[in-house]
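Quick notes on the structure that follows.
Keep in mind that the numbers below use all heavy atoms, side chains included, and drop hydrogens, waters and symmetry copies. As the structure lists them, so they are numbered: ligands from 1, and atoms in each ligand from 1. Not measured: the values here are computed from a predicted model.
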Amino acid sequence: MSFLPHFKLSRPETLEEAISTLAGASGRAAALGGGSDLLDWMKSGLPAPEQLVALDRIKALRGIREEKRLLVIGAATCLAEIAVADVVIEAAPALAQAAADVGSPQIRSVATLGGNLLQRPRCWYLRSNYPCLKNGGNRCYAITGQNHYHAILGAGPSAIVHPSDCAAALSALGARVRVQGPGGRRELAIDDLYQLPADRLDLEHALEPGEILTDVVVPRARRQERSRFIKVRDRALFDFAVVSAAAWMRLDGLLCKEVRLCLGAVAPVPWRPAAAEAYLTDRMINEEVAIEAARLALDAAVPLEHNSYKIPLARNLVRRLVLGLAAG
Ligand SMILES: Cc1cc2nc3c(=O)[nH]c(=O)nc-3n(C[C@H](O)[C@H](O)[C@H](O)COP(=O)(O)OP(=O)(O)OC[C@H]3O[C@@H](n4cnc5c(N)ncnc54)[C@H](O)[C@@H]3O)c2cc1C
Ligand code: SF4
């Protein structure tokens, strides 16, 4: 049985107060969204914050608004709201579909978009507090152990996959995130929010201590721009993705003028298959082209002992997405 360690809870009403509390705790505090991942992490005995700064009272972090050609979604907006918002379904369908596919209705009603993007890896060894590389040890147990759900792309030295469905959708949509911290505000492309274990082992994202993710900014779809997200999971009703894929495409009839693809749950970061994107650009979409794009998307995959099944699954998702978007 696992227990939550003692912690101090603050519930500030302004962003400035939250930032100054986080910054004043010298790395021993963490932002708290819905708590569906963070509290679970703390219960597993892994290194835990001593203070939690709840974001639920900060109005500026909640809601969905339109800014010219952009959709701006507050980081503390819950996924249930995003999944059914007409403006998201119309302007960024892949995001609405990804949010609707996260976990169960109970999870979606507490989980925030910011927390979904910044959730920690689900690797069984890590969550069971094995002394692996990401937990201060000197080996990755998954490489020779239970690696059914681990990475086939971008792995090394850790083989985690990024578990966020929304991150894959937002990467395909070309989203950006706004961040505020003791050093001021900044905005970065969602792809730059994530870092590979080869670049940084202890953390998966690029936020500085004390920084809060405030908004996610998504370009609204114009005419002839389409997007979609699909995922495969073990249990149909609620589960993390075994493999997911998202695509955004600008079309002129069946001619692909521009495309962004992203694969989820196959790599430590949401994975953009650049070769497949380059191949599809300025090409008429048909079955043969979709199959070649799918092949290119997984060309660099290096499976572990038990996860080569992810390659045909991911290829099939890419093929379906490309054909589905072209068909409208
Ligand atoms: C049973 C179950 C099934 C699930 N299935 C899926 C699934 O299918 N797909 C999927 O994508 N996810 C899935 N999840 C994960 C779930 O989506 C995440 O737990 C949730 O989105 C985290 O959001 P939260 O608001 O609860 O974050 P929290 O747990 O509060 O926080 C998560 C992390 O983000 C940080 N954080 C939160 N908000 C901010 C912010 N604004 N700025 C800076 N840091 C912040 C916290 O400090 C913490 O490190 C599942 C979880 C469970 C328990
Ligand atoms: S995959 Fe990463 S988190 Fe899992 S055991 Fe290996 S080093 Fe640890």
Show the atoms of ligand 2 that are less than 4.0 angstrom away from any heavy atom in Leu126. 3 (S)
Tell me, please, if Cys140 has any N/O/S atom, main chain or side chain, under 2.8 Å from atom 4 (Fe) of ligand 2? no
Nearest non-hydrogen protein atom to atom 38 (N) of ligand 1, with distance, is Gly115 N, 3.7 Å
Of the choices Leu39, Asp165, Leu213, which has the non-hydrogen atom that lies closest to atom 9 (N) of ligand 1? Asp165
Tell me the protein heavy atom at minimum distance from atom 53 (C) of ligand 1, and give that distance in Å. Ile107 CD1, 3.4 Å
With respect to Asp215, which candidate in Arg186, Arg185, Arg65, Arg176 satisfies the salt bridge (Lys or Arg N to Asp or Glu O under 4.0 Å) definition? Arg65
Nearest neighbour in protein (non-hydrogen) for atom 46 (C) of ligand 1: Ala31 O, 3.0 Å
Can you tell me which residue and heavy atom of the protein come closest to atom 2 (Fe) of ligand 2, and the distance to 0.1 Å? Ser158 OG, 2.4 Å
Looking at Asp202 and Lys134, is there a salt bridge between them, counting it only when a charged N and a carboxylate O are closer than 4.0 Å? no
What's the shortest distance from atom 4 (Fe) of ligand 2 to any protein heavy atom, and which residue and atom give it? Cys123 SG, 2.3 Å
Give the numbers and elements of all ligand 1 atoms closer than 4.0 Å to a heavy atom of Lys231. 7 (C), 8 (O), 9 (N)
Pick from Leu38, Asn116, Leu207: the one approaching atom 17 (O) of ligand 1 most closely through a non-hydrogen atom: Asn116
For ligand 2, note which part of Ile160 has a heavy atom under 4.0 Å away: side chain, backbone, both or neither. both
Taking only heavy atoms of Leu133, which atoms of ligand 2 are found under 4.0 Å from at least one of them? 7 (S)
Just let me know how Pro163 lines up against ligand 1, side chain, backbone, both or neither, with a heavy-atom cut-off below 4.0 Å. backbone
Identity and separation of the nearest protein heavy atom to atom 40 (C) of ligand 1: Leu55 CD1, 3.6 Å
Out of all atoms in ligand 2, which are within 4.0 Å of some heavy atom of Tyr125? Include the element for each. 5 (S)
Salt bridge flag under 4.0 Å for residues Glu66 and Arg220: yes
Around atom 44 (N) of ligand 1, find the nearest protein heavy atom and jot down its residue, atom name and distance. Leu118 CD1, 3.2 Å
Test: Arg122 and Asp40 ion pair at under 4.0 Å: yes
I'd like to know whether ligand 1 has Arg233 as a neighbour, heavy-atom separation below 4.0 Å. no
For Asp101 and ligand 1, answer yes if some heavy atom of the residue is under 4.0 Å from a ligand atom, otherwise no. yes
Within ligand 1, which atoms have a heavy atom of Asp239 less than 4.0 Å away? 7 (C), 8 (O)
Should Pro121 be listed as contacting ligand 2, given a heavy-atom distance under 4.0 Å as the test? no
In terms of residue, atom name and distance, what is the protein heavy atom nearest to atom 8 (Fe) of ligand 2? Cys132 SG, 2.3 Å
Answer with yes or no whether the side chains of Asn135 and Tyr141 bring together a donor and an acceptor at under 3.5 Å. no
Please identify which atoms of ligand 1 are closer than 4.0 Å to at least one heavy atom of Ala75. 41 (N)
When you group the ILVMFWY residues by side-chain heavy-atom contacts below 4.5 Å and let the links chain together, are Ile230 and Val161 in the same group? no
Which residue owns the protein heavy atom closest to atom 1 (S) of ligand 2, what's the atom, and how far is it? Ala159 N, 3.3 Å
Ligand 1 atoms in contact with Ser164 (distance to a heavy atom under 4.0 Å): 11 (O)
Residue part near ligand 1, for Ala111, under 4.0 Å between non-hydrogen atoms: both
Is the NZ or CZ atom of Arg127 both under 6.0 Å from the centre of the six-membered ring of Tyr125 and within 45° of that ring's axis? no
Check this for me, if you would: do Glu287 and Arg319 make a salt bridge, where the nitrogen-to-carboxylate-oxygen distance has to be below 4.0 angstrom? yes
Lys/Arg-Asp/Glu bridge criterion (N-O < 4.0 Å) met for Arg120, Asp37: no
Whether Lys8 and Glu50 form a salt bridge (side-chain N of Lys/Arg under 4.0 Å from carboxylate O of Asp/Glu) is what I want to check. no
When clusters are formed by joining ILVMFWY residues with side-chain heavy atoms under 4.5 Å apart, either directly or through shared neighbours, do Leu173 and Phe229 land in the same one? no
